[in-house]
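Single-structure report; data block below.
Reckoned from all heavy atoms, side chains included, excluding hydrogens, waters and symmetry mates.
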Amino acid sequence: MEQTRSERAGRAALGPARAVGALCLLTMVGLQVASGLDARPERFTGPIVVLLAACAVAFAAGAWGPRRAAGAFCAAVAIGYAAEVIGVLTGFPFGAYRYSDVLWPQVAGVPVVVALAWGGMGLAAYAVAAAVVPAGGWARVCAGAGALTAWDLFLDPQMVRLGLWSWAEDGFYRGIPLTNFAGWLLVSALVMLAVGRVCGGAGAGRGLLALYTVMAVMETVAFAAVFDPPDLAVAVAGGITMGAFAAPAWRRPWQR
């Protein structure tokens, strides 16, 4: 009987969690729009990332339960932060780069919001992979790593443009070296493995799919029409790549 009551209490918490996730998502979109109209858009980066993380955790709690959601988020944050610290100190696995003093607070040279971004989008990318590869296994890990790395096709050009970090040497893609994306695939795979282990291989949640899709749409529009100057190459590269993961992820849930 006690277990039944606990399960009922858990299910009762899912609805409010999804509502919180939706509220955070709408607020985040509003701040993204405001940042595109502001003369200093970098000021919005911190609040946007915090809302991104809160949105992801809330939607994950609604899909997987609060304990699994919190554990998966913390695992993704820890892996992302560790990779960033190692990257700043050694240049591995992303390449030689450093953060400016714009984003604060920083711990060991890495802004805290960067770790939160790994956690928030890590959960969203895992949900996309769970929808695309419901059977799980290494195919899901690879799909999730690809989905998360696809986001960086937008993230790095935008953050470099805002002066939030810089690379030691110019690279092939808008000044970003290809080693960066190889590093993202590696770290993202570790994030997928950790999230999958913590959440017990749980399936996709539509809220997390919505978060991933909204990020893809907002970034595409921003690079195509909002940023000054616009960058159609990044808009196309990022939009197509993230869309290639989001589209099949939505197809499966609606078929159920």
Side-chain angles (χ1 to χ4, degrees), residues 27-56 76-77 79-122 124-125 148-184 187-188 191 214-216 218-224 226-231 233-235 237-238 242:
T27 307
M28 183 189 72
V29 169
L31 285 184
Q32 286 176 316
V33 172
S35 70
L37 302 175
D38 195 271
R40 294 180 57 196
E42 69 277 3
R43 297 184 302 173
F44 293 82
T45 302
I48 288 173
V49 172
V50 170
L51 285 167
L52 165 67
C55 175
V77 167
I79 292 170
Y81 173 72
E84 294 286 349
V85 171
I86 294 171
V88 168
L89 293 177
T90 70
F92 177 84
F94 308 107
Y97 69 104
R98 67 177 182 83
Y99 287 97
S100 69
D101 59 357
V102 175
L103 294 179
W104 284 91
Q106 295 187 6
V107 180
V110 176
V112 173
V113 293
V114 170
L116 296 181
W118 275 103
M121 284 302 289
L148 188 50
T149 302
W151 178 51
D152 194 49
L153 292 175
F154 284 128
L155 179 66
D156 246 286
Q158 182 178 358
M159 298 301 104
V160 169
R161 167 191 293 243
L162 293 177
L164 303 186
W165 63 73
S166 59
W167 293 93
E169 297 181 3
D170 285 341
F172 174 79
Y173 180 75
R174 291 298 183 264
I176 301 154
L178 294 180
T179 54
N180 171 68
F181 302 107
W184 264 77
V187 177
S188 297
V191 169
V214 166
M215 292 298 293
M218 294 296 292
E219 295 282 10
T220 300
V221 172
F223 273 98
V226 177
F227 293 156
D228 185 21
D231 193 329
V234 172
M242 289 189 76

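The line from CD1 of Ile176 to CH2 of Trp184 is 11.0 Å long, rounded to the nearest 0.5 Å. To the nearest 0.5 Å, atom OH of residue Tyr99 and atom CD of residue Gln106 are 9.0 Å apart. In this structure, the separation between CG on Asp156 and CG on Asp152 is 4.0 Å, given to the nearest 0.5 Å. Atom-to-atom distance recorded for Thr27:OG1 and Leu52:CG is 12.5 Å, nearest 0.5 angstrom. Leu116 contributes atom CG, which lies 14.0 Å from atom CE of Met121 (distance to the nearest 0.5 angstrom). The distance from atom CE of Met218 to atom CD1 of Ile48, rounded to the nearest 0.5 Å, is 8.0 Å.
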Passes side-chain contact (heavy atoms from CB on, under 4.5 Å), Thr179 versus Phe94? Steps please. CA-CA 5 Å; Thr179 54; Phe94 308 107; over 6 Å; no
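Residue Arg98 qualifies as open at atom CZ: its count of foreign heavy atoms under 6.0 Å is 12 or below.
A pairwise comparison of heavy atoms in Val113 and Val49 identifies O-CG1, 3.1 Å as the closest pair. In terms of heavy-atom proximity, Pro41 sits nearest to Leu162 at CG-CD2, 3.5 Å. Of all heavy-atom pairs between Pro93 and Ala83, the closest is CD-O, 4.3 Å. Considering every non-hydrogen atom in both Ala108 and Tyr81, the closest pair reads CB-OH, 3.6 Å. Here the shortest heavy-atom pairing between Pro230 and Ala224 reads CB-O, 3.5 Å. The two atoms that bring Pro157 and Phe223 nearest to each other are CB-CZ, 4.1 Å, heavy atoms only.
Between Met159 and Ser100 there is no side-chain heavy-atom pair separated by less than 4.5 Å. Val29 has its side chain within reach of Gln32: a pair of non-hydrogen atoms, C-beta onward, lies under 4.5 Å apart. Using a 4.5 Å heavy-atom cutoff, the side chains of Glu84 and Trp165 are not in contact. At least one side-chain heavy atom of Leu153 sits under 4.5 Å from a side-chain heavy atom of Phe181.
Residues passing the side chain to side chain donor-acceptor pair (under 3.5 Å) test with Glu42, sequence neighbours excluded: Arg40. Arg174 is linked by a salt bridge (charged side-chain N to carboxylate O under 4.0 Å, His left out) to Asp231, counting only residues two or more places apart in sequence or in another chain.
No hydrogens or angles considered: nothing links the side chains of Asn180 and Trp167 as a donor-acceptor pair under 3.5 Å.
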